[in-house]
Amino acid sequence: MGSRFNQRDQKRKVNKIYNIAITIVSILIVIVAVSIFLSDDGTETKKATTEPKQVAETEKGKVVDKPAGKEEETDSEKEDAVGDSEATEEDAEKEDSKAKKEDAEEKTEDDADSEKAGDAELVEVEGSGDGNVAATYTSEGWKPVGTEQSGEHTTSFEKGSVDWNEMSKAIASGAGIDEGSMKLWWLQNGGSPTTAIGTVSEGDNPKTFRVYIEWVDGSGWKPVKVEELKTNDKR
C-alpha cells in the first residue's frame, strides 16, 4: 500500500510539473503573439502615415529625395498662376482701352459743343427768355465771311441772289455747320436793314439753331449770336 501511494504521489507531482510547464509555455506563446501583433500594427501605421518619396535627379546630377506628386502640383500651380496673370493683364488692357475710348468720345462731344462755329470758341451767355431756346452762344472768334458786293449795300432776301448766298455762308459759319449739308428753314430780317436771322439744321440731325448775323461794310456778313433751339419752330 505504501508503495502504491508513493507511485500515485509521484505521478501527481509529475502531472503538476507538466501542467505548470504547459501553462508557462502557453503564457509565453500568448506574449509572443501579442508582441508580434503590436509590432505589425505599428509598422502598418508608420507606413500609412509616412509620405511616399521618389528619387529625382537635380540639374547638377545629385540625387535627392522629394515627396511624390510635388513636382506635378508645382507645375500645375505655376500654370494656374500664369493663367491668372494673363487674364488680369488682359482685363486691365480692356478696361484701359474702354476708358480711352470713353475719354475720346467725351472730348469729341465737348469739342462739338464748344466749337459749333468752326474753329471759333463759343461762350454761353444769358438768353433772351425765349422758352424754346435751350442755350445761347456768342464768340469773339467770329469774323465776316467776305463779300463780292461793292458800293452801298442793300439786303436781299431773294433766294439765290449774291446777298442771300453770303447770308447763308455766314449763318453756316455761326452754326458750325457745313454749308453743303445745311438746311435753311427760315431767313428773315433781324429788325434793321443790316441784320438778319436764319433758322438751320444739319442733314437729318434734329438739332436746330437760330443764327443772328449783321452786315459789316466792305467785309460781308458776320455771325453775332447763336441760339440752340429745343424744337424746330420753322419746320
Nearest 0.5 angstrom please: [X] [atom1] to [Y] [atom2], how far?
| X | Y | atom1 | atom2 | result |
| --- | --- | --- | --- | --- |
| Lys222 | Thr194 | NZ | OG1 | 12.5 Å |
| Lys143 | Ser173 | NZ | OG | 11.5 Å |
| Met167 | Ile197 | CE | CD1 | 12.0 Å |
| Glu121 | Thr138 | CD | OG1 | 12.0 Å |
| Leu187 | Ser168 | CG | OG | 6.5 Å |
| Ile24 | Asn19 | CD1 | CG | 11.0 Å |

Verify same cluster id: [X], [Y] (apolar side-chain graph, 4.5 Å):
| X | Y | result |
| --- | --- | --- |
| Val25 | Ile22 | no |
| Phe209 | Leu184 | yes |
| Leu38 | Val30 | yes |
| Ile20 | Leu28 | yes |
| Trp142 | Ile213 | yes |

All side-chain hydrogen bond (donor to acceptor under 3.5 Å, both in side chains) counterparts of Asn189, not counting sequence neighbours: none
Whether over 12 other heavy atoms sit under 6.0 Å from Asn205 CG: yes
Flag if over 12 foreign heavy atoms under 6.0 Å of NZ, Lys169: no
Check whether any side-chain heavy atom of [X] sits under 4.5 Å from a side-chain heavy atom of [Y], and report yes or no.
| X | Y | answer |
| --- | --- | --- |
| Glu227 | Asn132 | no |
| Trp221 | Thr155 | yes |
| Lys183 | Asp204 | yes |
| Trp215 | Asp163 | yes |
| Lys207 | Glu228 | yes |
| Leu122 | Val226 | no |
| Glu166 | Glu148 | yes |
| Met182 | Ile171 | yes |

Other cluster members, Leu229 - Ile/Leu/Val/Met/Phe/Trp/Tyr, side-chain contacts below 4.5 Å: Val133
Between Asn232 and Thr199, a side-chain donor and acceptor under 3.5 Å: no
Nearest atoms (heavy-atom pairs only) where Ser201 meets Ile177: C-CD1, 3.9 Å
Nearest heavy-atom neighbours spanning Val211 and Ala175: CG2-CB, 3.9 Å
Glu158 backbone acceptor or donor facing Ser161 side chain under 3.5 Å: yes
Steps toward side-chain contact (heavy atoms from CB on, under 4.5 Å) verdict (Arg210, Asp233): CA-CA 10 Å; Arg210 184 187 294 150; Asp233 55 0; 2.9 Å; yes
Pair listing, ring-ring contact (aromatic ring centres under 6.0 Å, His included) test, anchored in residues 155-200, at least two apart: none
